[in-house]
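Heads up, the thing below is written out as structure tokens.
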Amino acid sequence: MGEHAWSYSFKLGDQSTCDVIICLRNKEGRHEAFHAHSSILKNKSKFFANKLSQPNSSTQIEIQCTESDYDHYVELVKRLYCPRDLLLDSWDSVRSVIGVLQVAVLLNCEEITESCIQYLEAVPWEDKEEEEIVKTALKLGPLAMPILARIEPVDVNATKKVFISAVRFATSTAGPCPPLFGDELKTSAQEQIDYMLGDDEGVPLITGDDEVKVEARSGLSKLCSYFKSNVSSLLLESETTYESAEKRVMQSLSDLEWMFNVLPKMDLMKDFVGNWVDTSDNILVVVEDKKLDSAFWGLKVKLIEVTAKVLEVVGYGNVILPAQCRVHLLKTWLPYIRKMKALLDSMADKETEFPYKLDEDLCQSIEGAMVSLILALPSSDQADILADWMSAEQLRYPDLSEAFEVWCYRTKSAKRRLVEGLGNVGNTTLSL
């Protein structure tokens with residue numbers, strides 16, 4: 001900073017007018033002497049005022065510094081000569097101000113301390129700087145509360161408003177933003193919601209709020225309708241536009257998959273499953289149309305991946321649906337998954353570079369969920385589903401033999417119990 005900024009009549013380093021010397025030293029042998037003026041030191045620092053007011057005070061004040069804070073002491077001594085109205089504009093580095101702040105507190109320089117706090121409160125911080133600022137501020141106590149204002153916990157209502165706005169943005173299906181920019185903002189909103197829903201004591205207060213749930217349901221409904229609309233439009237596409245169409249529909253399906261992961265934290269998984277069951281028929285009518293037989297493989301596989309998650313939460317009792325809905329879910333997706341698995345395997349055999357397949361873990365997950373789902377149905381519905389499964393051309397996948405064995409055992413046991421029950425009734429009649 002130029003000399004014009006230091007508007008005092010005394011200048012630091014002016015040996016002709018100085019009456020005290022500040023000596024900075026450290027263990028590494030570094031030392032520096034500043035010719036200063038007691039009137040300025042007393043006015044700007046209670047530490048120096050105390051030193052200079054002692055009866056046997058010396059004209060030389062020695063300060064032992066560490067290697068890490070030596071430069072901060074140098075900066076502070078120079079700032080003692082900076083006029084108050086120019087002090088704030090003299091700072092140009094967050095890291096430097098953090099150091100000077102700590103030294104200013106030690107030397108009881110109120111004016112410089114206030115200026116450091118005002119600067120740190122106003123300027124942006126990088127991640128590493130934020131960690132250091134927080135550590136420093138916590139050491140300083142109430143004095144540094146303005147610095148921490150931007151990261152202190154907010155009240156529940158304020159958090160709820162931010163969360164609802166984020167949900168609204170994360171589930172938006174159209175807007176004024178250019179497509180790419182809009183997708184980036186939506187992805188960012190989804191990531192922040194994931195972060196806000198992380199382990200935290202205040203999360204249940206937000207996710208359990210009725211207003212939040214209404215917004216989440218509304219967002220889910222919008223995404224489902226948008227996805228359904230995108231899928232329906234596939235039949236209107238020509239081969240030249242397949243790539244852009246698939247990108248669009250895959251993005252809308254990705255948004256739905258994100259909702260699947262978020263909704264359990266709001267106890268709204270049943271809403272997702274209900275929407276998926278209601279939409280399934282319409283989706284498969286389009287995807288299984290002959291026009292699309294050799295297209296949209298990525299979408300066809302992704303549909304199975306999302307459906308596998310739905311089958312799991314229903315099959316293992318995390319979402320409770322009426323038997324009729326569970327039967328519909330199975331009868332809708334079982335034939336499609338069976339057909340697609342055989343088709344994908346066949347394509348992979350023909351083309352070694354064919355990129356689309358169902359991995360082994362996914363296949364096992366689907367089998368396990370389906371077996372669990374079937375065994376929880378009324379026995380007559382079990383019989384219908386197993387009969388359809390066994391009448392198919394290939395029984396390799398999914399392997400429902402475990403469900404068939406249990407069904408056979410239960411059927412036999414049921415007959416035995418019926419016979420035993422009739423026998424008991426007969427014996428009771430004779431005894432009467």
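Remark: of the listed residues N56, L52, N50, N50 is the sole one forming a side chain to side chain contact (heavy atoms under 4.5 Å, CB included) with Q54. The side chain to side chain contact (heavy atoms under 4.5 Å, CB included) with H35 is formed by just one residue from the set L12, D19, I21; it is I21.
Within 6.0 Å of CG on D359 lie more than 12 heavy atoms contributed by other residues, nucleotides or ligands. The environment of NZ in K357 is sparse: at most 12 heavy-atom neighbours from other residues, nucleotides or ligands sit within 6.0 Å. Atom CD of E130 is surrounded by more than 12 heavy atoms from other residues, nucleotides or ligands within 6.0 Å. The environment of CD in E402 is sparse: at most 12 heavy-atom neighbours from other residues, nucleotides or ligands sit within 6.0 Å. In this structure, K291 places its NZ atom where more than 12 heavy-atom neighbours from other residues, nucleotides or ligands lie under 6.0 Å away. When the shell of 6.0 Å around CD of Q324 is examined, it contains 12 or fewer heavy atoms from other residues, nucleotides or ligands. For E28, the CD atom is densely surrounded, since the number of other residues' heavy atoms within 6.0 Å is greater than 12. Annotation: K228, atom NZ; neighbour count of heavy atoms from other residues, nucleotides and ligands within 6.0 Å does not exceed 12.
The structure places CZ of F169 at 4.5 Å from CG of L185, a figure rounded to the nearest 0.5 Å. Distance CD1/I304 to CG/L362: 7.5 Å, rounded to 0.5 Å. Between L138 atom CG and M145 atom CE the span is 9.0 Å, to the nearest 0.5 Å. Atom-to-atom distance recorded for I193:CD1 and T207:OG1 is 12.5 Å, nearest 0.5 angstrom. Atoms CD1 and CG, on I283 and N230 in that order, are 11.0 Å from each other to the nearest 0.5 Å.
The closest donor-acceptor contact from the side chain of Q190 to the backbone of A170 lies under 3.5 Å. Side-chain atoms of K44 come within 3.5 Å of backbone N or O of C82 as a donor-acceptor pair. No side-chain donor-acceptor contact under 3.5 Å links W258 to the backbone of T171. With hydrogens and angles disregarded, no donor-acceptor distance shorter than 3.5 Å links the side chain of R79 to the backbone of V100. Panel note: side chain S90, backbone L87; a donor-acceptor pair is recorded below 3.5 Å. In this structure a side-chain-to-backbone donor-acceptor pair under 3.5 Å is present from T136 to E132. Side chain of S365 to main chain of D361: no donor-acceptor pair is present (N/O by atom type, distance under 3.5 Å, no hydrogens or angles). At distances below 3.5 Å, at least one donor-acceptor pair connects side-chain atoms of Y336 with backbone N or O atoms of K300. Without hydrogens or angle criteria, E246 side chain to L299 main chain gives a donor-acceptor distance under 3.5 Å. Formation of a donor-acceptor pair under 3.5 Å by the R95 side chain with backbone atoms of E129 is not found in this model.
Checked against ring pair (Phe, Tyr, Trp, His ring centres under 6.0 Å), F296 has the following partners two or more places apart in sequence or in another chain: Y242.
In this structure, W276 has its ring center no closer than 6.0 Å to that of F260.
No hydrogens or angles considered: a donor-acceptor pair under 3.5 Å links the side chains of H328 and D281.
E32 places none of its side-chain heavy atoms less than 4.5 Å from the side chain of V77. Between I151 and L148, some side-chain heavy-atom pair lies under the 4.5 Å cut-off. Counting heavy atoms from C-beta on, the side chains of L375 and V371 come closer than 4.5 Å. Counting only heavy atoms from C-beta outward, the side chains of K213 and D271 never approach each other to under 4.5 Å. A 4.5 Å side-chain heavy-atom check between I22 and I63 finds at least one atom pair inside the cut-off. Looking only at side-chain heavy atoms (C-beta outward), V97 and D92 stay at 4.5 Å or farther from each other. Between L101 and L140, the closest side-chain pair of non-hydrogen atoms falls below 4.5 Å. S252 places none of its side-chain heavy atoms less than 4.5 Å from the side chain of L256.
Taking all atoms of both residues into account, the shortest heavy-atom contact from C65 to N26 is O-CB, 3.0 Å. Summarising the geometry of D293 relative to E288, their closest heavy-atom pair is OD1-O, 4.4 Å, with the distance given to 0.1 Å. Contact detail for W125 and L120: the closest heavy-atom pair is NE1-O, 2.8 Å. Nearest approach of R338 to W389, heavy atoms of both residues: NH1-CA, 3.5 Å. Summarising the geometry of A144 relative to I117, their closest heavy-atom pair is CA-CD1, 4.5 Å, with the distance given to 0.1 Å. For the residue pair P146 and E121, the shortest heavy atom distance occurs at O-CG, 3.2 Å.
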Requested in this report: Quick one: do N108 and T113 satisfy side chain to side chain contact (heavy atoms under 4.5 Å, CB included)? Show the steps, please.
Outcome: CA-CA 8 Å; N108 215 331; T113 298; over 6 Å; no
Report task. Determine, step by step, whether K309 and E257 satisfy the salt bridge (Lys or Arg N to Asp or Glu O under 4.0 Å) criterion, reporting the C-alpha distance in whole Å, the side-chain angles of both residues, the deciding distance to 0.1 Å, and the verdict. Result -> CA-CA 9 Å; K309 296 182 177 186; E257 189 175 25; 2.9 Å; yes
Query - L24/F34 under side chain to side chain contact (heavy atoms under 4.5 Å, CB included): CA gap, chis, key distance, verdict - result: CA-CA 8 Å; L24 304 180; F34 294 91; 3.7 Å; yes
Report task. Would you check, one step at a time, whether the test salt bridge (Lys or Arg N to Asp or Glu O under 4.0 Å) holds for E114 with R84? Result -> CA-CA 10 Å; E114 290 175 5; R84 185 185 187 94; 3.2 Å; yes
Query raised in the report: Run the side chain to side chain contact (heavy atoms under 4.5 Å, CB included) check on L292 and V287 step by step: do they pass?
Result: CA-CA 7 Å; L292 308 182; V287 173; 5.6 Å; no
**Report entry** side chain to side chain contact (heavy atoms under 4.5 Å, CB included) assessment of D349 paired with F354
**Finding:** CA-CA 9 Å; D349 290 339; F354 187 70; over 6 Å; no
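Here K302 pairs with E305 in a salt bridge; the nearest charged N to carboxylate O distance falls below 4.0 Å. Ionic pairing of K186 and D255 is present here: one or more N-O contacts between side-chain nitrogen and carboxylate oxygen are shorter than 4.0 angstrom. With salt bridges taken as basic N to acidic carboxylate O contacts below 4.0 Å, one links R30 and D71. At a threshold of 4.0 Å, the pair K46-E110 counts as salt-bridged, since one of the basic side-chain nitrogens sits closer than that to a carboxylate oxygen.
Ring geometry for W407 versus F404: interplanar angle under 30°, hence parallel rather than tilted (30 to 60°).
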